[in-house]
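In the text below, chain A, chain B and the rest are named by the order of the sequence lines, each starting its count at 1.
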2 protein chains.
Amino acid sequence: MDNVAADLSQDRPRLGRSSTAERVADILRDRISAGFFQPGQRLSEETISEGLGVSRNTLREAFRLLGHERLLDHKLNRGVFVRLPSAEDVADLYRVRRVLEGAAVRRKPDKQALKGLKEAVLDAERAAAQDDWQGVGTANIRFHQALVSLNDSPRIDESMRQLLAELRLVFHVMENPRAFHEPFVDRNRTLLGLIEAGEPEQAAAYLDDYLDHAERLLIHAYEPNR
Amino acid sequence: MDNVAADLSQDRPRLGRSSTAERVADILRDRISAGFFQPGQRLSEETISEGLGVSRNTLREAFRLLGHERLLDHKLNRGVFVRLPSAEDVADLYRVRRVLEGAAVRRKPDKQALKGLKEAVLDAERAAAQDDWQGVGTANIRFHQALVSLNDSPRIDESMRQLLAELRLVFHVMENPRAFHEPFVDRNRTLLGLIEAGEPEQAAAYLDDYLDHAERLLIHAYEPNR
DNA sequence: CTTGTCGAATTGTTCAACGATCCTTACGTT
DNA sequence: AACGTAAGGATCGTTGAACAATTCGACAAG
């Protein structure tokens, strides 16, 4: 656990702006998202507060923030753990996606949002050509974030951001990212085509099938050990 | 003997559910929801920590929780204030409602959920008969919470809970609650009828009109002073 | 093998302190 | 009189230490 403190101290310079607790939360969020802290792992108050050079109280405020984002699991008197979503969680995440993305494809897209979708598709294709499946995953996430932004609602955007961060936790427990991400590069392009063509009902139907497929694939490849 | 363990594990969440900070958050949430703390009002750390008999640090953890729920507004070095939603916020809240409730009415309702809807409608009608417009508002909120629960997703339920709590802030700034709540008692019954009749498209259309009407009425009656 | 007990380790909460920041008020300059 | 500004007080932001409460593993007893 000592090299953890050493590694974290690299992030200390980032402590120059806004509230310390929020900056700590940003750092931890990035670390979790990048897989540096793995799902199920316990985050020691002492080790991390020492590593980042902040007090325990400040760190605890940051923990509360991330707990509310469902990235951390706060167990009373036992500490905080990087969340390890259950299969039931995955199913619920996909229920939410069906609602948010389904509503999105039925709306008339504006140019700005379409541009974001196109770029995400291109990025995914580029990354796939280089066998960079981590990159494909990231571009894929950007695609769906852009998709949901068609709803034109800051609150929905924020919900989707959280949802995708949570989903990233699931990806980190998967052993074979390629098998999961690869099929969706083409699907994204097809879905984009239907949206551009102004065929909302077709797009919605395609999306439903898309999400069913993704969920099945994901739950199948996902065996968390509680 | 193994199914005993499986059965008990359902009660696991109930174990980790009491920390002073969370209990403080519960209290403050209730107070805000009841209008005891009014939108725009500043909550002094010293006064409240003293009043509740908890330390400033613990209170601050509670503040963070409520801030994330958008009930409190945390301004750096200036303190926390009960959130006072802007007109733009109201518009966004209704955008989210259209998505969540729209998806709900298109789903096949199960008996359990229908029961909740019926009870909420009855409660609203009872309260209206007694000129209890506060009660009508509460029942109305229950109706829409039950409506959204048709989506059968814990995360969506939670989002809706937060959304309605935020909307309650708006109601507290309104001068004439009756004018706002009265028209929707009948509307709720009509909407329930369409759902029971198995007419999702009609119900969706009626709901859209419903929400348009409510939003217009609300924004019109709402002039927050920032 | 199960149960009871002890102790180390960690979290939950409080308290006091000090620097940083914001708001108000009063003051002096133009 | 209008304006910028400097001083003061109030409050927040953060820290460090302290102690109680709880968990967990180890070990002994039955």
Engineer: Are OP1 or OP2 of C:dG12 and a side-chain N or O of A:H74 less than 4.0 angstrom apart?
Structural biologist: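 For C:dG12, OP1/OP2 do have a side-chain N/O of A:H74 under 4.0 Å.
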Engineer: Rounded to whole Å, how long is the line connecting atom CG of B:L52 with atom C1' of C:dT14?
Structural biologist: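 Distance check: B:L52 CG to C:dT14 C1' gives 15 Å.
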Engineer: Does atom CD (B:E46) have a neighbourhood of more than 12 heavy atoms from anything else shown, all under 6.0 Å?
Structural biologist: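 12 or below, so no.
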Engineer: Report all interatomic pairs (protein N or O, nucleotide N or O of nucleotides 5-11 of chain D) with separations under 3.5 Å.
Structural biologist:
unit_1 : atom_1 : unit_2 : atom_2 : d
D:dT11 : O3'    : B:R42  : NH2    : 2.7

Engineer: Rounded to the nearest angstrom, tell me the gap between atom CZ in B:R60 and atom C1' in C:dT14.
Structural biologist: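 Between C1' of C:dT14 and CZ of B:R60: 15 Å.
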Engineer: With under 30° as parallel and over 60° as perpendicular, where do the rings of A:H68 and B:H68 fit, or are they tilted in between?
Structural biologist: tilted
Engineer: Does a side-chain N or O from B:T20 land closer than 4.0 Å to OP1 or OP2 of C:dG12, or not?
Structural biologist: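 No, B:T20 has no side-chain N/O under 4.0 Å of OP1/OP2 on C:dG12.
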Engineer: Just the rounded figure in Å: distance from C1' of C:dT13 to CZ of A:F63.
Structural biologist: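 Rounded to the whole Å, the gap is 16 Å.
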Engineer: Strictly below 4.0 Å: does B:T58 bring a side-chain N or O up to OP1 or OP2 of C:dG12?
Structural biologist: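 Result: no.
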Engineer: Could you tell me how far apart B:L59 (CG) and D:dT14 (P) are, to the nearest whole angstrom?
Structural biologist: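 Those two atoms, CG and P, are 15 Å apart.
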Engineer: Between A:R161 and A:E166, is there a salt bridge with N-O shorter than 4.0 Å?
Structural biologist: no
Engineer: Would you say A:H172 and A:Q38 are linked by a side-chain donor-acceptor pair, where the criterion is simply a distance under 3.5 Å?
Structural biologist: no
Engineer: In whole angstroms, how far is the C1' atom of D:dG13 from the CG atom of A:N57?
Structural biologist: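 Those two atoms, CG and C1', are 11 Å apart.
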Engineer: Please report the distance, rounded to the nearest Å, between CG in A:L43 and C1' in C:dT11.
Structural biologist: 14 Å
Engineer: Counting just side-chain N and O atoms, does A:S55 come under 4.0 Å of either OP1 or OP2 of D:dT14?
Structural biologist: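 Result: no.
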Engineer: How many whole angstroms separate atom CD of B:E22 from atom P of C:dT11?
Structural biologist: 16 Å
Engineer: Going by the rule ring-ring contact (aromatic ring centres under 6.0 Å, His included), which residues pair with A:F171 if we only count those two or more places apart in sequence or in a different chain?
Structural biologist: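 With neighbours one apart ignored, the set is A:F180, A:H181.
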Engineer: What are the two closest non-hydrogen atoms of A:A127 and A:G135, and how far apart are they?
Structural biologist: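 Minimum heavy-atom contact is CB-C, 3.8 Å.
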Engineer: Are A:S86 and A:D89 close enough that a side-chain donor and a side-chain acceptor fall under 3.5 Å?
Structural biologist: yes
Engineer: Does the side chain of B:R56 get closer than 4.0 angstrom to OP1 or OP2 of C:dC15 through an N or O atom?
Structural biologist: no
Engineer: Take atom CD of A:E61 and atom C1' of C:dG12, then tell me their distance rounded to the nearest Å.
Structural biologist: 15 Å
